[in-house]
Amino acid sequence: RGLGDVYKRQTPPNAGAIRGVYFVDQDLGFLVAESFSDQQVSFSLFTTTNQGAEWTSAPLISYALTDPQAAVSRVHLQFLDRQTGWVVLKRATSINFNLGTVFRTANGGASWQSAPGPAGEALLFIDPGVGFMAGGVQRNILYRTTDGGASWSPTALSFDFTDRVQLPNFVMADLGH
C-alpha cells in the first residue's frame, strides 16, 4: 500500500530515549538514543540498513551525571553514506549561550572524533570536508568548515543580515542558496 496507509513500529528494542533520526535513503538510517544509569548518561548510535526492521548499536559517548556536558537539550545528526556522519550534542544552557560538541565518524560509528562546535545547531555537509552550521547566540551567523568539522569559521555574507540565518540549500555540490 502507499502513502502512509499502514504504519509499523520500527523502533530499536531497548534504545532508550530517541533524540535524533536521519535516513540517507529509504533503507539506510541512523538514530541517536540517550539512556541513563545511576552514575552517567550515555548516547548510542543505532544503524539500520533495512528500513528499521533490524538495528545495530554502537556507543557514541557517556558523561558522568555531574558533568555539565551531560545536560543535552538537542541532538542533530547527518550522514552522507554508511560510513561518514556527524552528530551534534547541543548543551542545555541559558539563552545567552549556544554551545555544542560535534562528533564525526568515518567508519559508520565504530569510532568518533569530537571537536567543539561553533554552536549546538543542525549542520549540513555537502561532502566529507565541507559543511555548514547556522549558529551564534542569536543564530545569525553562518559557519563553514572545510576539514570535516574539526574547525569552523564564520562565513562572510554578501548582505546585511540581522535575522536568523538558515542553512543553505544546495542544487549542486558547489552551488547553494
Side-chain angles (χ1 to χ4, degrees), residues 11-24 29-48 55-155 164-168:
T11 307
N14 304 318
I18 296 173
R19 299 297 306 270
V21 178
Y22 188 89
F23 271 78
V24 174
F30 302 88
L31 70 81
V32 173
E34 177 183 41
S35 59
F36 292 89
S37 70
D38 291 340
Q39 302 295 319
Q40 66 183 17
V41 58
S42 299
F43 293 89
S44 300
L45 179 76
F46 288 78
T47 306
T48 183
W55 295 88
T56 59
S57 67
L60 173 61
I61 193 159
S62 294
Y63 297 109
L65 288 176
T66 56
D67 187 332
Q69 293 187 81
V72 172
S73 64
R74 284 197 179 153
V75 175
H76 305 281
L77 64 156
Q78 182 198 359
F79 276 74
L80 294 177
D81 53 43
R82 184 169 173 73
Q83 300 300 314
T84 310
W86 297 264
V87 173
V88 177
L89 300 182
K90 180 178 183 171
R91 290 194 34 206
T93 62
S94 74
I95 62 170
N96 296 319
F97 300 95
N98 187 345
L99 305 174
T101 302
V102 177
F103 296 89
R104 181 179 191 262
T105 185
N107 56 16
S111 64
W112 295 89
Q113 297 78 46
S114 67
E121 300 297 336
L123 39 69
L124 171 69
F125 276 82
I126 58 173
D127 64 36
V130 178
F132 298 89
M133 181 185 291
V137 173
Q138 297 176 345
R139 207 164 164 217
N140 60 351
I141 301 170
L142 182 64
Y143 294 96
R144 181 174 189 254
T145 181
T146 57
D147 58 12
S151 63
W152 298 82
S153 300
T155 300
R164 294 183 124 201
V165 174
Q166 301 296 318
L167 288 174

- Could you please spell out the steps behind the side chain to side chain contact (heavy atoms under 4.5 Å, CB included) verdict for Glu121 and Val88? CA-CA 7 Å; Glu121 300 297 336; Val88 177; over 6 Å; no
Report task. Run the numbers on Val102 and Met133 for side chain to side chain contact (heavy atoms under 4.5 Å, CB included), then give the verdict. Result -> CA-CA 11 Å; Val102 177; Met133 181 185 291; 4.1 Å; yes
Check against side chain to side chain contact (heavy atoms under 4.5 Å, CB included), Tyr143 and Leu123: CA-CA 9 Å; Tyr143 294 96; Leu123 39 69; over 6 Å; no
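With a 4.5 Å cut-off on side-chain heavy atoms, Val130 and Phe132 count as touching. Side-chain contact check for Val24 versus Leu80: every heavy-atom pair is 4.5 Å or farther apart. A 4.5 Å side-chain heavy-atom check between Pro12 and Leu31 finds at least one atom pair inside the cut-off. Considering only heavy atoms from C-beta on, Phe36 comes within 4.5 Å of Leu65 through its side chain. For the pair Val87 and Trp112, the minimum side-chain heavy-atom distance is below 4.5 Å.
Legend: salt bridge (charged side-chain N to carboxylate O under 4.0 Å, His left out) pairs involving residues 55-77, not counting sequence neighbours: none detected. Pairs passing the salt bridge (charged side-chain N to carboxylate O under 4.0 Å, His left out) check and including a residue from residues 34-46, sequence neighbours excluded, read Arg19-Glu34. Contacts classified as ring-ring contact (aromatic ring centres under 6.0 Å, His included) and involving residues 55-93 (residues at least two apart or in different chains) are given here: Phe30-Phe79, Trp86-Phe125.
Here the shortest heavy-atom pairing between Pro116 and Trp152 reads O-CD1, 4.3 Å. Summarising the geometry of Ala150 relative to Ala115, their closest heavy-atom pair is O-CB, 3.8 Å, with the distance given to 0.1 Å. Between Gly109 and Ala58, the shortest heavy-atom contact is O-CB, 3.7 Å. Of all heavy-atom pairs spanning Ala70 and Val41, the tightest one is CB-CG1, 3.4 Å.
Between the CZ atom of Phe46 and the OG atom of Ser57 there is a distance of 4.5 Å, given to the nearest 0.5 Å. A distance of 11.5 Å separates CG in Asn14 from OG in Ser44, rounded to the nearest 0.5 Å.
Residues satisfying the side chain to side chain contact (heavy atoms under 4.5 Å, CB included) test with Thr56, not counting sequence neighbours, are Thr47. Residues meeting the side chain to side chain contact (heavy atoms under 4.5 Å, CB included) test with Ser42, sequence neighbours left out: Ser35, Gln40, Ser62. Residues that satisfy the side chain to side chain contact (heavy atoms under 4.5 Å, CB included) test with Thr66, not counting sequence neighbours, are Ala64.
A donor-acceptor pair is defined here as one N or O able to donate and one able to accept, closer than 3.5 Å; such a pair exists between the side chain of Thr105 and the backbone of Ser111.
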